[in-house]
Amino acid sequence: MSKKIVCPNCGTEIELTKTEYDTILSQVRDEAFNEEVEKRVELINKANASDLEIRLTKEKAESDKKISELQARIEQFEQEKSLVVANNEKDMLALKDQFTKELKDKDELIAYYKDFKTKLSTKMLGETLEQHCQIAFNQIRTTAFPTAQFGKDNEISEESGSKGDYIFKDFTSEGSELISIMFEMKNEGDETSKKHKISDFFKELDKDRNEKNCEYAVLVTTLEADNELYNAGITNVSYIYPKMYVVRPQCFITIIMLLREAALNAADYKNQLAIEKAKMIDVTDFEENLAQFQDAFGKNYDLAKGKYEDAINGIDDIIKKLEKVKELFRLSEKNLRLANDKAQGLTVKKLIKGNPTMEQKFAELKKPDEK
């Protein structure tokens with residue numbers, strides 16, 4: 001079977017076999033399909049390219065924005081870092097200057113004491129330290145400690161034969177002892193062959209404090225000039241001996257003021273506690289009086305309650321008796337009513353009925369009336 005087709009170029013009819021026709025038709029279809037595919041691919045590529053370009057533009061804009069934000073944060077961080085570094089450097093310089101000044105002051109103080117002590121004998125060293133403390137106290141005695149006593153401990157203990165250097169005592173306005181401090185002053189020259197430690201004097205000082213009944217013990221000393229523990233000025237050594245302090249001479253007045261202030265606060269607390277105790281005593285007395293009253297009232301109540309119950313029981317007995325009397329009167333009234341009813345119904349005929357003699361007598365009495 002043949003097929004006729006028209007040539008698109010010349011218009012001539014061409015007769016083809018079925019196989020030739022199917023082959024040409026298949027080629028035409030493939031070419032058309034390929035052209036359509038190419039067109040569609042081209043359109044898709046154009047669309048994808050346009051969409052990709054938009055997406056790339058958008059992502060680039062977002063990336064540029066994030067980069068700008070990050071750069072701004074980095075710049076801010078660098079500024080803050082520079083400011084912190086500058087402040088730290090400034091603080092470090094200030095601390096360095098302060099430390100250098102304190103170190104210089106300490107070195108000058110140590111050098112002063114070393115130079116001062118080299119010019120004195122051992123006996124003069126001790127006496128000079130005592131004089132320093134005595135003068136420092138006397139300079140403010142009138143204004144700061146008007147009621148206080150401060151002087152040499154001249155009384156040798158009978159128990160140990162020793163004594164302290166100075167005793168400080170202060171009193172309340174009422175005259176009672178507020179605080180007492182046993183002082184020991186220890187100084188030593190640099191040329192001394194046998195060097196003493198500060199702790200060498202703790203035991204003796206604690207013994208003097210107890211024998212003189214003082215509350216606190218204070219060692220004023222220039223010993224161990226390079227010891228950082230004691231160079232702080234005031235050192236609490238109560239973990240070794242109770243209520244004991246070690247001070248440098250420049251803190252002599254300071255330790256007195258601190259301990260005295262603590263004693264004043266303690267006294268104030270004691271007064272408040274005494275007031276509260278007095279209030280509690282008043283409350284206790286009131287409660288005891290109230291308890292006694294309640295006990296006495298309770299006893300009287302129990303007695304009165306017993307009498308009252310006896311009276312109630314007596315009344316109950318009387319009521320029962322009256323109820324019985326009432327019942328008797330009621331029964332009597334009933335009997336009287338019955339008797340009255342019988343009396344009202346009684347006649348002469350009834351009375352003489354069955355009594356011939358009385359019937360005859362009454363009959364005789366009626367005869368004259370009948371005539």
Side-chain angles (χ1 to χ4, degrees), residues 123-187 196 198-223 230 232-278:
K123 184 174 184 300
M124 290 180 66
L125 281 170
E127 292 177 350
T128 303
L129 183 57
E130 291 179 3
Q131 290 173 6
H132 164 77
C133 295
Q134 181 73 66
I135 292 171
F137 183 83
N138 288 336
Q139 286 176 341
I140 60 171
R141 178 195 289 266
T142 306
T143 54
F145 309 107
T147 60
Q149 296 176 0
F150 180 72
K152 292 278 293 180
D153 179 20
N154 295 320
E155 185 179 347
I156 298 176
S157 172
E158 295 180 358
E159 298 179 12
S160 62
S162 65
K163 63 183 181 65
D165 286 335
Y166 279 83
I167 293 178
F168 170 86
K169 289 186 177 183
D170 203 357
F171 303 87
T172 64
S173 57
E174 292 80 14
S176 59
E177 184 176 299
L178 178 66
I179 186 175
S180 58
I181 307 172
M182 170 63 71
F183 282 99
E184 187 76 19
M185 285 76 170
K186 290 298 177 184
N187 209 345
H196 287 287
I198 291 176
S199 58
D200 294 342
F201 302 96
F202 289 169
K203 184 177 180 181
E204 188 71 19
L205 177 56
D206 183 66
K207 182 179 66 176
D208 292 337
R209 177 184 76 88
N210 289 320
E211 290 178 352
K212 298 302 171 63
N213 296 319
C214 292
E215 185 177 1
Y216 293 96
V218 176
L219 177 62
V220 185
T221 182
T222 59
L223 301 180
Y230 300 112
I234 297 176
T235 306
N236 187 345
V237 292
S238 297
Y239 57 91
I240 303 175
Y241 287 96
K243 296 189 175 182
M244 184 177 291
Y245 295 85
V246 176
V247 301
R248 293 306 188 190
Q250 65 269 25
C251 297
F252 168 69
I253 296 297
T254 305
I255 189 64
I256 297 177
M257 288 184 171
L258 289 175
L259 295 179
R260 182 176 179 273
E261 185 66 24
L264 287 171
N265 291 335
D268 184 46
Y269 292 144
K270 288 179 181 178
N271 291 334
Q272 293 180 13
L273 181 61
I275 293 172
E276 293 301 323
K277 283 185 177 179

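Asn187 contributes no side-chain N or O that, together with a main-chain N or O of Leu129, makes up a donor-acceptor pair within less than 3.5 Å. Judged purely by atom type and a 3.5 angstrom limit, Asn138 uses its side chain to pair as donor or acceptor with the backbone of Gln134.
The only option from Val246, Val220, Asp208, Thr221 that meets the side-chain contact (heavy atoms from CB on, under 4.5 Å) definition with Glu184 turns out to be Asp208. Of the listed residues (Phe137, Phe150, Phe183, Phe252), just one forms a ring pair (Phe, Tyr, Trp, His ring centres under 6.0 Å) with Tyr166, and that residue is Phe150.
Shown here for Phe202 and Ile240, the closest heavy-atom pair between the two residues is CE1-CD1, 3.9 Å. Minimum interatomic distance between Met182 and Gly164 (heavy atoms only, all atoms of both residues): SD-CA, 3.7 Å.
Side-chain contact between Ile179 and Glu215 is present, with at least one heavy-atom pair separated by less than 4.5 Å. Side-chain atoms of Thr143 and Ile140, non-hydrogen and from C-beta on, do get closer than 4.5 Å to each other. Annotation: side chain of Lys152 is in contact with side chain of Glu130 (closest heavy-atom distance under 4.5 Å).
Around the NZ atom of Lys203, the shell of radius 6.0 Å holds no more than 12 heavy atoms that belong to other residues, nucleotides or ligands.
How far OH of Tyr230 is from CG of Leu219: 8.5 Å, rounded to the nearest 0.5 Å. Distance check: Ile198 CD1 to Thr235 OG1 gives 7.5 Å after rounding to the nearest 0.5 Å. Atom CG of Leu205 and atom CE of Met244 lie 4.0 Å apart (nearest 0.5 Å). Atom OG of residue Ser176 and atom CG of residue Leu178 lie 7.5 Å apart, to the nearest 0.5 angstrom. Between atom OG of residue Ser180 and atom CD of residue Gln149 there is a gap of 11.0 Å, rounded to the nearest 0.5 Å. Atom NZ of Lys207 is separated from atom NZ of Lys212 by 11.0 Å, given to the nearest 0.5 angstrom.
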Sequence neighbours excluded and cut-off under 3.5 Å, please list the side-chain donor-acceptor pairs for residues 253-261, or say none.
{"residue": "Arg260", "atom": "NE", "partner": "Asp170", "partner atom": "OD2", "Å": "2.4"}
{"residue": "Arg260", "atom": "NH2", "partner": "Asp170", "partner atom": "OD2", "Å": "3.4"}

